[in-house]
Amino acid sequence: MKVLKLILKNALRHKLRTVLTIVGITIAVIAFGLLRTVVTVWDSSVDAASANRLITRQAVSFIFPLPYSYKEKIKSVSGVQTVSFANWFGGVYKDKNNFFARMAVDAETIFDVMPEFLIAPEELATFKKERNACVLGADIAKQYNIKIGDVMTLEGDIYPGRWDFVVRGIYHPQNKNTDDSQMLFHWQYVDERMKIETPVRAGDVGWYIVAIEDPNKAAVISDQIDALFNNSSAETKTETEKAFAQGFVAASSAIITAMNLMSFFIIGIIMLVLANTMIMAARERTREYAVFKTLGFSTFHLTGLILGESMLISILGGGIGIAFTYPIVAGFEQAIPKGFFPFFFIEPVTTIMALGAAILIGIIAAVFPIQRTLKTKIVEGFRFVG
Amino acid sequence: MSELIQVQNVSKSYWRDSFEIPVLSNLSLNVKQGEFMALMGPSGSGKTTLLNLIAGIDKPSSGRVVVADTEISNLGESALAKWRANNVGFVFQFYNLIPVLTAFENVELPLLLTKLSKAERKKHVETVLGIVGLGSHIQHYPKQLSGGQEQRVAIARAVVTDPVLLVADEPTGDLDKNSAAEILTLLERLNKEFNKTILMVTHDPHAAERARIVRHLEKGDLVGV
């Protein structure tokens with residue numbers, strides 16, 4: 001007869017109670033895993049930002065455009081390697097619910113400044129050649145079953161009208177946290193039409209993407225770029241891509257903070273549930289623990305029995321929860337619109353945190369019953385009527 | 001026979017809120033090795049308290065308790081636990097078996113604190129369960145046994161480590177007449193055949209008759225001989 005066997009038998013004394021507690025921990029760990037995944041995915045968009053890329057945008061607000069003419073001026077700044085640019089196009093593909101990023105970009109340079117977007121050289125060459133060509137992220141191509149040569153029609157909103165693009169390339173992500181849910185097409189194609197239909201909007205660029213040689217000089221180069229356009233009608237604000245991404249995340253920081261807190265509240269609540277289970281179990285066994293003490297079992301043994309039972313329940317619940325979190329997150333990823341989260345997967349740190357939380361729950365839930373059991377004198381234990 | 005138990009000028013009080021309740025006052029008692037002594041007395045006379053002090057599960061307010069050449073009243077909790085495991089077997093009125101363990105596993109419990117191998121433990125357990133007449137019930141759980149059988153398992157658990165002293169607190173208090181007689185016969189046998197020193201608390205004069213010596217307690221004092 002082993003102590004582990006006794007721990008197992010103790011845990012299974014009240015099967016329904018134990019099963020319900022395990023189910024509670026499982027659900028809590030799944031909720032924790034899901035919330036943490038959202039939080040980490042949100043944060044990882046910042047982490048995924050390149051250190052040697054700067055973003056130059058309108059100083060007043062990101063929504064105001066910059067003149068196309070800035071490109072050459074920015075390029076002249078010492079330390080700047082390549083300058084590209086992009087414009088948020090918006091539009092609707094088939095249905096308003098089909099959300100993903102659609103960008104008018106500088107076809108000549110965009111893949112130079114975004115090396116994490118992997119595209120076959122021949123596809124890139126064709127894309128650059130054809131004015132109405134577009135390139136899709138692999139994730140979007142897969143979701144809508146779009147192949148090279150297909151025509152994608154967008155219904156414009158920011159840029160009204162019907163827009164037809166021929167898919168000439170599919171880019172793949174270099175890393176797990178690279179966004180492969182974008183549609184990229186020629187800015188010149190959009191601009192030419194603007195010159196005809198809405199000349200006042202022609203020559204507008206959303207933001208510049210500036211590749212620099214030395215990330216350590218990011219601050220100096222940013223200052224130099226912004227100095228070029230001081231006192232102009234469109235002053236600029238240049239910052240690292242990371243700072244730019246943080247600006248977006250900061251806009252949702254209250255929600256993220258709430259989700260973060262909620263994930264830990266869930267762990268706290270389930271900790272109380274398990275603690276309650278363990279307190280009830282220890283209380284019911286007060287006489288038995290007195291017997292163990294009488295037989296010569298030490299503080300170490302009794303601590304091991306109670307802690308072992310608590311850990312068994314918490315780790316079982318945590319393990320099942322973690323095992324279920326993976327398919328649930330995968331299902332969640334399928335259910336949410338593409339592009340809402342460019343990528344959605346469980347970071348290893350989330351799994352480690354969930355496991356750590358399960359272990360912590362087991363330990364903390366056992367503290368009070370252990371303390372009570374050790375404090376109770378043998379004679380008091382025998383007199384106890386539960 | 002040498003003295004196995006020496007209780008010298010022992011007093012014991014309990015505190016309920018701010019009230020001190022004296023239970024034993026300046027009590028002395030000697031028990032020889034191999035003795036079978038019954039402690040009788042009305043409720044509240046201090047029988048169980050005295051038994052607990054001798055068995056090392058409670059400590060006196062004053063005085064000395066020496067058992068098997070060890071002054072247990074001076075031992076710390078950890079040393080006392082070890083001492084109990086090596087020297088004392090316990091039999092309780094309500095058996096106090098662990099309900100999720102079989103008869104075999106209940107009896108094996110004290111042996112888990114020894115260095116015996118699994119095979120040796122098995123041999124010891126089967127031997128004592130044979131002695132108490134439950135060799136065919138080793139895989140039974142307590143709820144599958146009668147009261148008398150449960151108490152016999154408890155006795156087997158008490159003697160499996162071969163302790164020098166066996167303490168029994170109302171061992172027949174929860175049993176019918178026939179089962180009680182069987183348990184008392186078993187205790188007698190352990191005393192006579194295996195030379196176990198037995199200290200038994202009982203209300204039952206029939207049970208006390210089986211002991212070689214009967215001592216009476218009244219209001220915390222030993223009376224008569």
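The structure presented is a predicted model; accordingly, all values stated were derived computationally and were not measured. Residue numbers begin at 1 in each chain, while the letters A, B, ... track the order of the sequences.
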*Spacing of B:I57 atom CD1 and A:L295 atom CG [to the nearest 0.5 Å]*: 10.5 Å
*asked:* So for atom CZ, which belongs to A:F324, do other residues, nucleotides or ligands contribute more than 12 heavy atoms lying within a distance under 6.0 Å?
replied: no
*With sequence neighbours excluded, give me every side chain to side chain donor-acceptor pair (under 3.5 Å) pair touching residues 314-332 of chain A.*
A:Y326-A:T351
_Distance, nearest 0.5 Å, that separates CD1 of A:I378 from CG of B:N52_ = 8.5 Å
*asked:* Which atoms of A:K377 are under 4.5 Å from chain B, going by heavy atoms: the side chain, the backbone, both sets, or neither?
replied: neither
*Heavy-atom pairs under 4.5 Å with chain A are the metric here; pick the option from B:A55, B:P99, B:P110 that has the most.*
B:P99
*asked:* Just verifying a value: how many Å separate A:R285 CZ and B:I98 CD1, rounded to the nearest 0.5 Å?
replied: 10.0 Å
_Heavy-atom check, side chain of B:V100 versus side chain of A:E288, under 4.5 Å_ = no
_Please classify the contact of A:F300 with chain B as side chain, backbone, both or neither, using a heavy-atom distance under 4.5 Å._
neither
*Of the backbone (N, CA, C, O) and the side chain (C-beta and beyond), which part of B:N96 lies under 4.5 Å from a heavy atom of chain A, both, or neither?*
both
*Residues of residues 59-94 of chain B under 4.5 Å from chain A (heavy atom pairs)?*
B:A81, B:R84, B:A85, B:F90, B:F92, B:F94
*Please indicate whether A:F345 has more than 12 foreign heavy atoms, meaning atoms of other residues, nucleotides or ligands, lying under 6.0 Å from its CZ.*
yes
_Side chain, backbone, both or neither of B:L113 within contact of chain A (heavy atoms, under 4.5 Å)_ = side chain
*Is it true that atom NZ of A:K9 has more than 12 heavy atoms of other residues, nucleotides or ligands lying nearer than 6.0 Å?*
yes
*Checking heavy atoms, do the side chain of A:T294, its backbone, both or neither come under 4.5 Å from chain B?*
both
*Distance (rounded to the nearest 0.5 Å) between A:F297 CZ and B:L112 CG*: 5.0 Å
